[in-house]
Amino acid sequence: MTLLKSKFITQLCGLVCSATIFAANAQILPSPPQVNAKGYFLVDFTTGKVIAEGEADTKLAPASLTKMMTSYVIGTEINAGNISGSDMVTISEKAWAKNFPESSKMFIEVGKQVSVDDLNRGIIIQSGNDACVAMAEHIAGSESAFSDLMNAHAEKLGMTNTHFINSHGLDTDEHYTTPRDMATLGAALISDVPDEYALYKEKSFTYNGIKQYNRNTLLWDASLEVDGIKTGHTSEAGYSLVTSAVKDDMRLIAVVMGTASERARKVESKKLLNYGFRFFETITPYKAGDSFAEQRIWMGNKETVSLGILQDTPVTIPRGQRKNLKANFELDKTLEAPIAKGTKVGTLFLQLEGEEIAQYPLVTLEEVGEGSFFSKIYDYLRLQIMQ
């Protein structure tokens with residue numbers, strides 16, 4: 001073992017397991033369920049671990065899943081202070097509910113003033129196409145300009161296979177996305193605009209004397225802790241649903257696009273979520289600031305330095321495999337003083353079944369100053385001999 005490639009291996013459970021024991025204790029991990037949809041995707045929100053996918057990068061019509069991006073833009077504009085929930089929006093003729101006779105709407109009327117808060121709920125809970133146009137015009141001046149803003153946000157989020165033409169999702173040429181991109185957008189809603197995302201769990205909203213219920217019926221499912229996100233349907237797109245649910249310390253995002261019915265999108269989404277929660281878990285074996293190892297440091301005022309990480313290490317693994325998770329580190333170079341606290345000196349690797357599943361920068365957790373003149377000479381000579 002060289003000084004430049006010093007490695008340390010440990011069992012997180014404190015036990016050393018042979019390959020034979022590992023095989024005997026391994027849990028059976030069934031294949032993901034068959035999902036009857038044009039495309040689907042299941043991912044852990046915290047770690048980004050993809051648990052199941054099918055046609056995840058196929059371009060599909062998003063229908064009202066589009067409103068997730070409309071909502072994301074609204075949330076970012078509120079966070080930036082460009083608009084506020086109390087702003088009053090004058091409804092234009094283009095945003096008039098009568099322009100959407102055969103589709104979902106909030107029932108807003110031309111010439112009336114409606115608050116951003118109400119329009120926001122009209123978009124998220126009632127899936128109002130009219131409310132989308134009203135907010136698009138309020139933020140960007142026109143729906144066309146708002147679409148440019150939507151696409152700019154999509155590009156920034158890394159949604160490489162998505163393009164928006166309008167704010168509501170009614171079928172039109174060159175308006176498309178993918179299951180993977182919609183999962184990316186769902187994660188961005190949760191992390192970037194949490195106040196906006198909090199609205200997605202509301203089950204109903206009443207405006208203009210008309211009470212409408214959230215179309216995401218999984219919000220009523222007592223077997224899952226679902227708190228979002230959005231349904232979508234047109235004749236071209238079929239029935240789609242982006243869902244997020246939590247269990248213990250794990251949050252999953254499931255996307256199904258292009259199922260055959262309202263019931264099917266619910267059933268297929270539940271299949272994915274149940275599979276993820278039943279057979280996987282997200283754990284954090286090391287916390288930020290934890291000391292991982294004591295390593296020899298040369299020419300310093302002490303002989304060893306504490307090494308660790310400056311961030312938590314969440315990983316998503318099959319259930320029952322926590323005891324088989326191993327960690328090792330590799331140093332970038334021989335450690336010599338002086339060295340500041342927080343200096344990156346190597347990489348921490350987490351492995352399962354010999355496969356690397358995550359890596360993090362390994363840093364010094366303390367400062368080490370120079371040693372005395374004679375101790376430095378002594379260490380220098382020892383280094384020359386060892387190398």
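Excluded from the calculations below are hydrogen atoms, water molecules and symmetry mates; all remaining heavy atoms, backbone and side chain alike, are included. None of these values were measured; they are calculated from a predicted model.
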Under 3.5 Å, side chain of R319 to main-chain N/O of F277, donor-acceptor pair present?
-> yes
- Task: Determine whether I165 and D173 make a side-chain contact, defined as any pair of heavy atoms from C-beta on separated by less than 4.5 Å.
- Result: no
- Query: Do the non-hydrogen side-chain atoms of Y197 and I229 ever get within less than 4.5 Å of each other?
  - Reply: yes
**OP:** Verify, without hydrogens or angle tests, whether N208 (side chain) and F107 (backbone) share a donor-acceptor contact under 3.5 angstrom.
**Re:** yes
*asked:* If you count heavy atoms of other groups shown closer than 6.0 angstrom to NZ of K201, is the number above 12?
replied: no
When rounded to the nearest 0.5 Å, the distance separating OG of S223 from CG of N274 is 6.0 Å
F292 vs Y360 side-chain heavy atoms within contact, under 4.5 Å = no
side-chain hydrogen bond (donor to acceptor under 3.5 Å, both in side chains) filter on K67, not counting sequence neighbours, yields S64, S127, N129
Determine, step by step, whether S306 and E366 satisfy the side-chain hydrogen bond (donor to acceptor under 3.5 Å, both in side chains) criterion, reporting the C-alpha distance in whole Å, the side-chain angles of both residues, the deciding distance to 0.1 Å, and the verdict. CA-CA 7 Å; S306 182; E366 57 188 323; 4.6 Å; no
Strictly by modelled atom types, are S142 and S144 linked by a side-chain donor-acceptor pair under 3.5 Å? no
Could you check whether atom CD of Q311 has more than 12 heavy atoms from other residues, nucleotides or ligands sitting under 6.0 Å from it? yes
> Which is it for T347 and Q359 under the side-chain hydrogen bond (donor to acceptor under 3.5 Å, both in side chains) test, yes or no, and what are the steps along the way?
Replying inline: CA-CA 7 Å; T347 304; Q359 60 176 271; 4.8 Å; no
Using atom types as modelled and distance alone, determine if a side-chain donor or acceptor of S269 lies under 3.5 Å from a backbone N or O of K266. no
request  = Step by step, work out the side-chain hydrogen bond (donor to acceptor under 3.5 Å, both in side chains) result for E268 and T259.
outcome  = CA-CA 8 Å; E268 302 308 311; T259 67; over 6 Å; no
Report task. Ignoring hydrogens and angles, tell me if any N or O in the side chain of N99 forms a donor-acceptor pair with the backbone of E93 under 3.5 Å. Result -> yes
Check your understanding: Does atom NZ of K49 have more than 12 heavy-atom neighbours, drawn from other residues, nucleotides or ligands, at distances under 6.0 Å?
Key -> no
query: Can you find a pair of side-chain heavy atoms, one from T178 and one from T160, that are under 4.5 Å apart?
result: no
Does a sphere of radius 6.0 Å around CD in E356 hold more than 12 heavy atoms from other residues, nucleotides or ligands, not counting ones at 6.0 Å or beyond? yes
Item to check | Salt-bridge criterion met for R121 and E202 (N-O under 4.0 Å) | outcome: yes
Could you tell me if the side chain of I91 sits less than 4.5 Å from the side chain of E109, heavy atoms only? no
- Task: Would you check if N120 and E196 make a side-chain contact, meaning some heavy-atom pair closer than 4.5 Å?
- Result: yes
With side chains defined as the heavy atoms from C-beta onward, is the minimum distance between M150 and T66 less than 4.5 Å? yes
Residues, nucleotides or ligands: over 12 heavy atoms within 6.0 Å of K112 NZ = no
>> Looking at F100, is its backbone amide N or carbonyl O close enough to the side chain of K105 to form a donor-acceptor pair, meaning the two atoms are under 3.5 Å apart?
In response: yes
Might you confirm whether atom CD of Q34 has over 12 heavy atoms from other residues, nucleotides or ligands at distances under 6.0 Å?
-> no
Practice problem: Examine the side chains of S84 and D87 and answer whether a donor and an acceptor come within less than 3.5 Å of each other. | Solution: yes
- request: Can you establish whether the number of heavy atoms outside D171 located under 6.0 Å from its atom CG is more than 12?
  value: yes
Yes or no on side-chain hydrogen bond (donor to acceptor under 3.5 Å, both in side chains) for R251 and T46, after CA distance, side-chain angles and deciding distance? CA-CA 7 Å; R251 176 183 284 279; T46 303; over 6 Å; no
* Asked: Is the backbone N or O of G308 less than 3.5 Å from a side-chain atom of Y286, with the two atoms forming a donor-acceptor pair by type?
  -> no
(Q) Has S115 got a side-chain atom pairing as donor or acceptor with M88's backbone, closer than 3.5 angstrom? (A) no
Quick check against the 3.5 Å criterion: does D312 have a side-chain atom that pairs as donor or acceptor with the backbone of P314? no
| Would the number of heavy atoms belonging to other residues, nucleotides or ligands and lying under 6.0 Å from CD of E55 be above 12? | no
_Between S167 (side chain only) and T70 (backbone N and O only), is there a donor and an acceptor less than 3.5 Å apart?_
no
dist D227:CG -> I190:CD1 (nearest 0.5 Å) comes out at 6.5 Å
